[in-house]
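Structure below; questions to follow.
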Protein chains: 2
Amino acid sequence: MESRELRYFVTVAEEGNFTRAAARLFMTQPALSRAIRQIERDVGSPLFLRSNKGATLTFAGQVLLREGRSVLEGLDLAESRARAAADAWAPPRPA
Amino acid sequence: MESRELRYFVTVAEEGNFTRAAARLFMTQPALSRAIRQIERDVGSPLFLRSNKGATLTFAGQVLLREGRSVLEGLDLAESRARAAADAWAPPRPA
DNA sequence: AATGCTTACGGGTCACGTAATGATT
DNA sequence: AATCATTACGTGACCCGTAAGCATT
């Protein structure tokens, strides 16, 4: 699974609605729909129950939401810590 | 940063050598070199010191390696736990 | 008919492989 | 010259947007 896909999934889960989630992600709703399908193929089972009211999480989806959020936070942290490490290592600048 | 890139980075760090890492990843060495450059652009500083002996981690690289490994493990775990949840939820099958 | 998701289709971008180049021992 | 990494260049795959379709209220 790709972290980009995971970000999409979390956004849909938070909005409970593909259309609004797509807007938040600055993408169109069909593109988002396809990406979610891809994750469901990866995981091997549905993550959302779709209706004309929106999308609600399946049990597997609820699990992935909890785990996925912390993974995405960890990814952001890893990047910012690496950046901080680079700064700390940088030679002192003249005043 | 994308998880695919992070996987590439960790492999190069583990091998200490772009050529061997590329082989492990079933890709060519130039493609891998470009991907690492991309991450370094993302982070904003070099992650490896290159030489004709291979590649060794900078301080920032060492930090990203520790953090990155746990992120990738977390990603795999998230996926497998979602899969396990789907199985647990599945209706009982007839013997 | 209105709302929400999916399928179909065409295009642009990006990641990749092959080939050539650079640098160091 | 041998080894390891980078740059140049063309191509294929993949992701995306537009347009059309399907289902439910």
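So you know, we letter chains A, B, ... as the sequences are listed, proteins then strands, and number each from 1. None of the values given here were measured: they were computed from a predicted structure.
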Indicate the ring-plane relationship of A/Phe9 and A/Phe48, choosing parallel, tilted or perpendicular according to the 30° and 60° boundaries. tilted
Please walk me through it: do B/Glu2 and A/Arg7 pass salt bridge (Lys or Arg N to Asp or Glu O under 4.0 Å)? CA-CA 11 Å; B/Glu2 232 29 63; A/Arg7 275 185 274 268; 3.2 Å; yes
Within the pair A/Arg34 and D/dC16, is there a side-chain N or O less than 4.0 Å away from OP1 or OP2?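 So the side chain of A/Arg34 is outside the cut-off, no N or O lying under 4.0 Å from OP1 or OP2 of D/dC16.
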I need a per-nucleotide contact map over nucleotides 19-25 of chain C, read 5' to 3'. Cutoff is protein heavy atoms under 4.0 Å; write B for the base, S for backbone only, - otherwise. B----BS
State which of D/dA5, C/dA15, C/dC5 makes the closest approach to the side chain of B/Arg4.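 Nearest to the side chain of B/Arg4 among the choices is C/dA15.
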What does B/Thr28 touch in the nucleic acid at a heavy-atom separation under 4.0 angstrom: a base, only the sugar-phosphate, or nothing? base
Interatomic distance, B/Ile36 CD1 vs C/dA15 P [rounded to whole Å]: 13 Å
N or O in side chain of A/Arg37 less than 4.0 angstrom from C/dC5 OP1/OP2: no
What is the distance, rounded to the nearest whole Å, between atom CG of B/Leu32 and atom C1' of D/dT7? 15 Å
Can you name the nearest heavy-atom pair linking A/Ala35 to A/Tyr8, along with the distance? CB-CD1, 3.5 Å
Tell me the interatomic distance from B/Phe18, atom CZ, to D/dC4, atom P, rounded to whole angstroms.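 After rounding, the gap between these two atoms is 13 Å.
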Report yes or no: does A/Glu67 contribute a side-chain atom to a donor-acceptor pair with the main-chain N or O of B/Gly74 at less than 3.5 Å? no
Counting only side-chain nitrogens and oxygens, does A/Arg50 get under 4.0 Å of the OP1 or OP2 atom of D/dT24?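 Checking D/dT24 against A/Arg50, no side-chain N or O comes under 4.0 Å of OP1 or OP2.
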Between D/dC15 (C1') and A/Leu25 (CG): distance, integer Å: 14 Å
Please give me the minimum heavy-atom distance between A/Ala55 and A/Phe18, naming the atom from each residue.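 That closest heavy-atom pairing would be CB-CE1, 3.6 Å.
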Hydrophobic cluster identity match, B/Leu75 and B/Ile39, side-chain contacts under 4.5 Å: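 Same cluster: B/Leu75 reaches B/Ile39 through Ile, Leu, Val, Met, Phe, Trp or Tyr contacts under 4.5 Å.
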Distance below 4.0 Å between B/Tyr8 side-chain N/O and C/dC16 OP1 or OP2: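 For B/Tyr8, the contact criterion (side-chain N or O under 4.0 Å from OP1 or OP2 of C/dC16) is met.
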If I take atom CD in residue B/Gln38 and atom P in nucleotide D/dA5, what distance separates them, rounded to the nearest angstrom? 19 Å
Roughly, in whole Å, what's the span from CG in A/Leu47 to P in C/dC5?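 Rounded to whole Å, this separation is 15 Å.
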Taking CD from A/Gln29 and C1' from D/dC15, how many angstroms apart are they, rounded to a whole number? 15 Å
Please check the phosphate of D/dA5 (OP1 and OP2 only) for any side-chain N or O of B/Ser51 closer than 4.0 Å. no
Please confirm whether the shortest side-chain N or O distance from A/Arg20 to OP1 or OP2 of C/dG4 is below 4.0 Å.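 For C/dG4, OP1/OP2 do not have a side-chain N/O of A/Arg20 under 4.0 Å.
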Please tell me if the side chains of A/Ile36 and A/Arg50 come closer than 4.5 Å, counting only heavy atoms from C-beta onward.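 A side-chain contact exists here, since the closest heavy-atom pair is under 4.5 Å.
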Residue whose closest nucleotide on DNA chain D lies nearer the 5' end, A/Ala31 versus B/Ala31: B/Ala31
CD of A/Glu2 versus C1' of D/dC15: gap in Å, rounded?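 Spelled out: CD on A/Glu2 to C1' on D/dC15 is 13 Å.
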